[in-house]
Engineer: 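I am attaching a structure below and will ask some questions about it afterwards.
So that the names make sense, note that chain A is the first sequence line, chain B the second, and so on, each numbered from 1.
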Amino acid sequence: MRRLLRYDDGLWGTFWIAGMGVLLAWDLAFLNAPAFARLVEALANTLFGATLAVLFTLLFGWAAGVGGYLFEQHKRRLPSLALSYFMNLIRSIPQMIGILGGYIVLTILIEREILQSQLVQLLWMSFTISVFTFPELADVIRERIEYYRRSDFFDAMLCSGVRESRIINFDILWKNSIAHIAQKLVSTFAMAIFLQCSIDFIISVGLSTDVSLTNFPVTLGGMLATMDSKQDILAISMLFEEIGYWPNLLFRHLQGVSAAFSLVFTLVCMYRVSNGLIRRHNL
Amino acid sequence: METYAFDIDVKKDGRTLVDIGDFRLRKNTVTFLFGESGIGKSIAAKAMFGLLDPQDLDATVNAEPYADYVAKPRTVRFQQNGCFVFQEPSSHLNPLLRLEEQLTEGSLARAKTGGEVVRSLWKDSDAAAIRQILEVFPKPYRPSGGEKQRILCAMAFMKMDMLPEGPPAEDALFVFDEPTGSLDNTYRDVVLEMMFERFRRSRCTIVMITHDYSMISVVTGRYPEMLDSVVFEELTLGRGGLQLAEFAPRTYTGWVEEQRKSRQGGGRREEREPVLRIESGLQAFGRTLHFSREPGGRTHCALELFPESISYLKGASGMGKTTVVKMAIGLLRGTHFRGLLGSVPLTERTPREYYARHVWGKRMTMVFQHADEALNLRSTVHEVLSGLPTTRTLEKERIQREVRALFGESADGAFLDRKVGTLSGGQKQRLNLLRGLLLETDVLILDEPLNGLDFASMRGVLHRLEGKIRRGSAILVISHNEEIFDAWVAPENVYYLSGGPAGVSPLA
């Protein structure tokens with residue numbers, strides 16, 4: 001435990017878990033049961049969705065980074081060009097617009113009753129986010145491979161008969177780049193939460209007459225977009241007029257404040273964890 | 001004889017870097033300090049000279065806090081009267097001062113012999129060439145490693161020249177940490193000659209840290225009259241920490257003599273087909289490279305490696321020996337490369353896939369010269385060996401047996417799980433070699449295989465190589481340990497590399 005808390009990343013990670021634990025305990029005690037159930041579901045969906053986005057990003061980023069290198073090394077011009085064209089195309093689309101496009105497709109699929117399962121909808125949402133976040137990880141992976149490719153250890157292992165795939169995947173990426181990848185994935189986790197909630201907020205006005213937020217799995221962003229939560233958030237501004245109003249935020253406006261706090265607290269902590277990793281490993 | 005006695009304990013983040021209880025240094029003597037790379041020779045020497053960073057390390061000398069030791073009058077005198085020549089010359093030189101300015105900086109400004117010292121250390125260069133070197137900044141010109149080492153030695157010799165002649169100099173300590181690592185034997189001998197010349201005059205205290213055991217032959221052969229003032233010592237890492245023991249010169253010189261008598265794998269070359277043949281005239285980095293059988297040879301030949309034999313490729317530093325072997329093994333593309341691996345022709349157009357499928361780890365392998373760079377420092381010892389094609393199906397026990405044979409009985413299961421980065425330099429080098437030795441290839445190329453090894457490890461490695469030769473391998477060695485390999489390799493298997501600008505025949 002002492003070792004974990006010695007570094008900023010461990011400290012802030014622990015702080016985030018503890019903070020969320022305290023929040024849930026408080027909500028369990030003071031938030032009404034249906035609202036608490038909704039908050040827990042939203043939190044679970046948000047974190048699960050972000051985790052899925054991280055996993056997809058890892059999968060696509062690793063495949064694109066390693067694949068791009070191997071295509072180029074083995075002079076496979078066509079796949080190399082296709083991959084580079086596809087990645088540049090994704091980079092040229094603003095993330096928010098691209099993800100919104102994915103949500104529009106999701107809306108159409110829900111309207112046509114093709115996608116009804118909430119789990120599959122979450123998978124789709126995470127997949128959409130990861131399509132626009134994986135190029136950054138692919139770049140990191142490619143950079144790491146290129147860096148080590150020029151080193152003696154790469155050549156020394158090659159001429160010892162060690163398979164190139166093992167050198168890249170195990171020796172370079174797993175053994176020497178895991179901190180770089182972890183840092184990028186922590187950022188992706190935070191970015192996925194932020195993008196998901198931003199999109200949920202945008203689509204709270206509705207993407208079609210038949211499909212609205214109520215058709216999507218509930219997330220923290222979706223919760224914030226409801227009227228109750230909006231009023232809770234607006235109640236914060238009461239503090240400017242009457243500072244003694246603050247205890248009400250912890251009891252009467254708990255749903256919106258909890259959703260907003262979870263979001264902001266998670267983003268701040270993840271930012272700190274990511275910075276901690278950079279400092280600890282001199283990235 | 002009077003001695004300086006040190007009890008040195010250096011830790012970093014709770015991890016012991018050096019722990020030596022009885023480090024005795026004879027005053028007014030030249031001590032040659034041998035020992036495996038990375039066991040703490042440099043740290044111990046820096047500690048006694050007062051050069052460690054107390055902020056970075058937790059150090060005590062003679063049970064005193066390090067800051068107190070550094071402030072002691074004797075330590076101050078060490079620094080005022082003496083000099084420390086760093087192993088990595090870049091860390092000694094100021095990148096923002098021209099080399100000439102650095103030779104006249106601080107107390108060196110009072111030295112009167114700068115010009116003479118520099119001329120002696122560049123005896124093959126004319127005045128214009130020397131001026132060119134002295135007028136540059138260490139960066140971005142980047143003098144070669146050898147040039148930088150000579151500059152540092154010049155500083156130390158100038159400081160020695162400032163000592164009064166006659167009675168032995170009191171507390172004048174000169175530490176040379178691997179001062180000849182980047183120099184060829186000619187300049188190594190020049191450095192030794194200049195050092196002894198000054199020692200005779202001032203009788204200061206000199207510590208020469210080195211892995212080059214052939215210095216013993218040079219000293220015993222050329223300076224017999226100095227042997228009363230010379231000590232050879234070896235630092236070894238035992239269970240109780242570092243131990244310093246006297247190293248009898250005969251141990252080394254006698255062993256070299258034995259090697260000469262039982263030369264490896266020469267003769268009978270006409271009866272066999274070479275397993276690898278590389279034609280002269282290959283080109284890389286704007287140079288044409290040629291092989292010959294005599295130094296500076298004007299008759300070119302092909303380099304041929306035969307089964308059950310060891311060949312030795314010699315050449316001046318920077319000539320391109322590593323380039324040649326990297327071209328042979330397909331890691332580097334030059335031009336005019338013509339080779340024959342068994343009956344398979346190799347050229348610069350041979351695809352990389354061919355090497356990956358049929359050559360690397362199967363017919364040829366190469367051990368790189370810097371173990372630190374050739375190994376994945378974050379892997380464990382077991383992981384380094386478990387990826388090899390021959391060990392893929394082998395159990396941990398077999399790997400452990402092989403490791404024990406080269407590392408000794410102390411290399412238990414826990415040793416296999418140790419991170420490479422935590423090994424000493426000598427252990428890394430042995431692991432680097434073991435990776436090549438485990439492979440059953442026809443050709444094994446070794447680039448500076450004895451780098452950083454102590455005498456016992458060196459013998460162990462050569463013993464393993466003998467076994468490899470007996471099992472039919474052809475070995476090609478590049479090494480600056482000329483005395484050892486000249487003794488070990490049959491003269492008909494020694495090749496010399498020469499070169500000149502591409503497109504110009506050296507015979508022209």
Engineer: Checking heavy atoms, do the side chain of B/Leu439, its backbone, both or neither come under 4.5 Å from chain A?
Structural biologist: side chain

Engineer: Side chain, backbone, both or neither: which part of B/Gln369 has a non-hydrogen atom closer than 4.5 Å to chain A?
Structural biologist: neither

Engineer: How many angstroms lie between NZ in B/Lys362 and CH2 in B/Trp360, if you round to the nearest 0.5 Å?
Structural biologist: 10.0 Å

Engineer: Given that the side chain runs from C-beta out, which part of A/Tyr148 has a heavy atom under 4.5 Å from chain B: side chain, backbone, both or neither?
Structural biologist: neither

Engineer: In terms of heavy-atom proximity below 4.5 Å to chain B, should A/Ser151 be classed as side chain, backbone, both, or neither?
Structural biologist: neither

Engineer: To the closest 0.5 Å, what do you measure between OG1 (A/Thr133) and CZ (A/Phe60)?
Structural biologist: 9.0 Å

Engineer: Report, one line per pair, each donor and acceptor closer than 3.5 Å where one atom sits in a side chain of residues 263-275 of chain A; sequence neighbours left out.
Structural biologist:
residue, atom, partner, partner atom, Å
A/Thr266, OG1, A/Trp16, NE1, 3.0
A/Thr266, OG1, A/Ser262, O, 2.5
A/Tyr271, OH, A/Asn275, ND2, 3.4
A/Ser274, OG, A/Gln183, NE2, 2.8
A/Ser274, OG, A/Ser187, OG, 3.4

Engineer: Is there a side-chain contact between B/Asp442 and B/Pro307 in this structure, where contact means two heavy atoms from C-beta onward sitting under 4.5 Å apart?
Structural biologist: no

